[in-house]
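Below: the structure, in structure tokens.
By convention in this document, chain letters (A, B, ...) are assigned in the order of the sequence lines, proteins followed by strands, and residues within each chain are numbered from 1.
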Protein chains: 4
Amino acid sequence: MTESTTRLRADARRNREQIITAAREVFLERGIHAPLEEIARRAGVNIATLYRRFPDRHTLVQQVALDNLTLVGEELTRATVEHPDAWGALAQLLRRLVELRISVIMPELVPGLEKDMRGEGGPLKERRNQLFEQMEQLTRAAQQEGQLRQGINPIDLWLGVIKLSRPLPAIGAELNELIIDQQLELFLGGIHAVALDASEPLRRQPLTLDALDRYFRMVE
Amino acid sequence: MTESTTRLRADARRNREQIITAAREVFLERGIHAPLEEIARRAGVNIATLYRRFPDRHTLVQQVALDNLTLVGEELTRATVEHPDAWGALAQLLRRLVELRISVIMPELVPGLEKDMRGEGGPLKERRNQLFEQMEQLTRAAQQEGQLRQGINPIDLWLGVIKLSRPLPAIGAELNELIIDQQLELFLGGIHAVALDASEPLRRQPLTLDALDRYFRMVE
Amino acid sequence: MTESTTRLRADARRNREQIITAAREVFLERGIHAPLEEIARRAGVNIATLYRRFPDRHTLVQQVALDNLTLVGEELTRATVEHPDAWGALAQLLRRLVELRISVIMPELVPGLEKDMRGEGGPLKERRNQLFEQMEQLTRAAQQEGQLRQGINPIDLWLGVIKLSRPLPAIGAELNELIIDQQLELFLGGIHAVALDASEPLRRQPLTLDALDRYFRMVE
Amino acid sequence: MTESTTRLRADARRNREQIITAAREVFLERGIHAPLEEIARRAGVNIATLYRRFPDRHTLVQQVALDNLTLVGEELTRATVEHPDAWGALAQLLRRLVELRISVIMPELVPGLEKDMRGEGGPLKERRNQLFEQMEQLTRAAQQEGQLRQGINPIDLWLGVIKLSRPLPAIGAELNELIIDQQLELFLGGIHAVALDASEPLRRQPLTLDALDRYFRMVE
DNA sequence: AATGAATGAGCGTTCATTCAT
DNA sequence: TATGAATGAACGCTCATTCAT
């Protein structure tokens, strides 16, 4: 996936990828300070193996972030290919990013990784900036179509997706998914210019207090 | 404040309140898993005293949540008093809730505290439901005014505020505040029916990548 | 023993002393970087208890050193009381210090504790300096008696005792004791002016290769 | 160098020697429990290679010790060649041994390696015994010259050198060297019959407390 | 009732040692 | 044969929790 994967032995590469995958999941669920042992456990490797590949937490986060940026780039490309209109592409991209929970690690792109963003910056900053340019084009195009609300920029989308994606701790994954979907539609509705009419309701089944309570009863 | 406060000695009650206050602060700053010792220290009591009052973390969270719900009720009342129109009251309420970061502990109202919501539920569920009814009235009124978008309910607002308020871990408080404010305006803009016009930009100074980078350079 | 012992609960004071005693032993045997867990184990307390008393290794070393300096002071006093002549007192002091292995932690007085010796210095430096003055008096007196070789100062004795006391790692305590005794007599013989005559042999039973080998066979 | 070197491929032999050399250095610097990986790294080989050559730490220590004994033999020969008188040769030998810190590993000749001294003993014991005989001759000769104090034997010298050479942990190499030199002169002065006169001071600049403190201030 | 004190358990990190290539 | 890789285990340190005063 990333360059550093290149000259690794087959089994080591497999381990490396499992670790990154596990890290993405765990960071998603428990935040960036989650126990590394949990990650190792979930990746099915010994903690020392994790340390061999990633000498410290920061390095691991870096690599996951790099990986994520790559994935985002791929999703962006795919979205533009699959949609003739910018708004359609943008909406798919955002939905997809939330779906993949890719950005959960990105907020950490803001914290934890500040140093990588300073001065010249390394590959991380470079890739981020490049991605931003692409998103900016898409954003402007959607605004020229009259589909994306004025005054919105990639940062808004970026941070919005990050906040949306972060699961609320300790509630089950299902409920989190439900909530995230709901809020995502609200978000999209909020930035979609065309839908902006007081009388036009959001296209979704709203949550109710009863539904929430029913959920809690279920998972008992 | 809460019922259980009733039959306590004066100094014990003072302790209890100091602990809850400290807990709100610490939970806000360091998350809900912050060391209880930190809370005890800030409250100026021994850790064992904290344990005597709150046998486990859950109980403490519960009480803070109850306290928070009370505060929300007060804010709601104030907002309706200060604003003749429902939308004005609602907007102020949401802004205020985010400002107070009250919901930082509330998300835990959903997770962590699920059990308290099951079956009959205790005082927590009761107070929450009561609050919801009030919010529902306000919501409906705002929709009848044609100011709040159709299809939006208190849960959306509630969860929205919760997600908005949760600070991104590890970045400074300032940047978090900036981001929260930005996203809050986006949120309000998204649910405000009147503003729903593609050509009308949001009322705010948007964030830029440069601003972010400059921020990081500053805190170096 | 040290001031800080004063306001501790009875059981805590007992623990504290056991820890210091264990630390002296373990530092003696395994050096100043010995596992703190070993010390806790030998003191019969949990590692966390050790940490409660001594937040880090340095603090523990400091306290042991302080304790040692106190003991040395006591031994010095006793030696001068028990011997009318300075040389007699000095010899007893050195023998006694080696016997108590007190100085094993003192070498660490030189390393590890440098910071405590810099600038004004704290209680450690103060007590050391005070001790030195006493030793200097004793040294000069012995030289005026014509019993201590010229050109020798307290530092020589101090460092000599330290080096003598350090047990060779991994060989049994008995053999170490034997060796230390032998070298101590050699040392005393070397600094004793009166004995300085080529024809006068040292007063001791010299070690032989056979004795060493026999020893090894025994401990098999 | 040693017998086992005989039937190795050229590159393997080179590796072996590099490892032993690196081991001597590292043992000297960081003690006998230094990480084997450090040794491997410095020798420029993989840790697994080190393990292939030396199945465990003990074996490695053994070989380094053997190597050292060889070096001591060479130094002894050189000393006797360069000095017509036994005392001169002996003094040079001791100075040289201390200088080379050869014995840093030798003390381990006594501990750690006891087993190699038991029963028949292996090459290590054999070489040690042979060396001892040579030292005994030198010692006796020096005593007959009236230059070496009576009652002193090679073991005394051997163990003395070992204790002198062991650096005090954690203080810089410079200070250690200073201390070792000082104590070596004290040692030589102590065993030298001719110098044995109360009025004759040692030939050296004595250490002072101020000098020690100044040293610490420097390395700050 | 409140505090001082102790403990068990978890995670971070390093290293000796073994296994797979 | 030599190396890359993985592992188990030890130790450092912190914190939730309980016990003694």
Fill in the blank from the handout: Within residues 45-52 of chain D, the residues having a heavy atom closer than 4.0 Å to DNA chain E are D:I47, D:Y51

Exercise for the section: Check whether any side-chain N or O of B:R57 sits under 3.5 Å from a backbone N or O of B:A34 as a donor-acceptor pair, and report yes or no. Expected result: yes

Completion exercise
Between B:P55 and A:E37, the residue closer to the 5' end of DNA chain F by nearest nucleotide is A:E37

Exercise for the section: Could you check how far CD1 of C:I19 sits from P of E:dA5, rounded to whole Å? Expected result: 12 Å

Problem - Paired and unpaired positions of DNA chain F as dot-bracket, Watson-Crick or G-U wobble under 3.5 Å, | denoting a partner strand - result: .||||||||||||||||||||

Handout entry: Short side-chain N/O contact from A:R14 to OP1 or OP2 of F:dA5, under 4.0 Å
Key = no

Handout entry: Test item: C:V61 and C:F54 side chains (from C-beta on) under 4.5 Å apart, heavy atoms
Key = no

Practice task
Could you state the atom-to-atom distance from CD of D:E38 to P of E:dT14 in whole Å?
Solution key: 14 Å

Practice task
Verify the contact: side-chain N or O of A:R41 to OP1 or OP2 of E:dC11, cut-off strictly under 4.0 Å; return yes or no.
Solution key: yes

Practice task
Please report the shortest heavy-atom distance between C:A12 and C:R53, naming the atom on each side.
Solution key: CB-NH2, 3.7 Å

Practice task
Give the rounded distance in Å between these two atoms: CG of D:D56 and C1' of E:dC15.
Solution key: 16 Å

Exercise for the section: Using only heavy-atom distances, determine whether the side chains of D:R16 and D:Q63 contain a donor-acceptor pair under 3.5 Å. Expected result: yes

Practice task
Could you point out which residue of C:D56, C:V26, C:I47 forms a side-chain contact (heavy atoms from CB on, under 4.5 Å) with C:L36?
Solution key: C:I47

Exercise for the section: Rounded off to whole Å, could you give me the CD1-to-P distance for the A:I39 and E:dT13 pair? Expected result: 12 Å

Practice task
Determine whether C:E25 and C:T21 make a side-chain contact, defined as any pair of heavy atoms from C-beta on separated by less than 4.5 Å.
Solution key: yes

Handout entry: Under 4.0 angstrom between B:N15 side-chain N/O and E:dA1 OP1 or OP2
Key = no

Handout entry: Least distance between heavy atoms, B:A23 atom then B:V64 atom
Key = CB-CG2, 3.8 Å

Handout entry: D:Q62 and D:T59, any side-chain heavy atoms less than 4.5 Å apart
Key = yes

Problem - Options F:dC11, F:dC13, E:dG12, nucleotide nearest the side-chain atoms of C:L36 - result: F:dC13

Exercise for the section: Please check the phosphate of F:dA6 (OP1 and OP2 only) for any side-chain N or O of A:R53 closer than 4.0 Å. Expected result: yes

Exercise for the section: Give one of base, sugar-phosphate or nothing for D:A40, where a contact means two heavy atoms less than 4.0 Å apart. Expected result: nothing

Practice task
Decide yes or no for C:L60 and C:I39: does some side-chain heavy atom of the first lie under 4.5 Å from some side-chain heavy atom of the second?
Solution key: yes

Practice task
For C:F54 and F:dT14, give me the distance from atom CZ to atom C1', rounded to whole Å.
Solution key: 18 Å

Exercise for the section: For A:D11, answer base if it contacts any base atom (sugar-phosphate contacts may also be present), sugar-phosphate if it contacts only those atoms, and nothing otherwise; contact means non-hydrogen atoms under 4.0 Å. Expected result: sugar-phosphate

Handout entry: F:dC15 phosphate, OP1 or OP2, under 4.0 Å from B:R57 side-chain N/O
Key = no

Completion exercise
To the nearest angstrom, the CZ-P distance between B:R16 and E:dA2 comes to 12 Å

Fill in the blank from the handout: So CD1 of A:I19 and OH of A:Y51: to nearest 0.5 Å the spacing works out to 12.0 Å

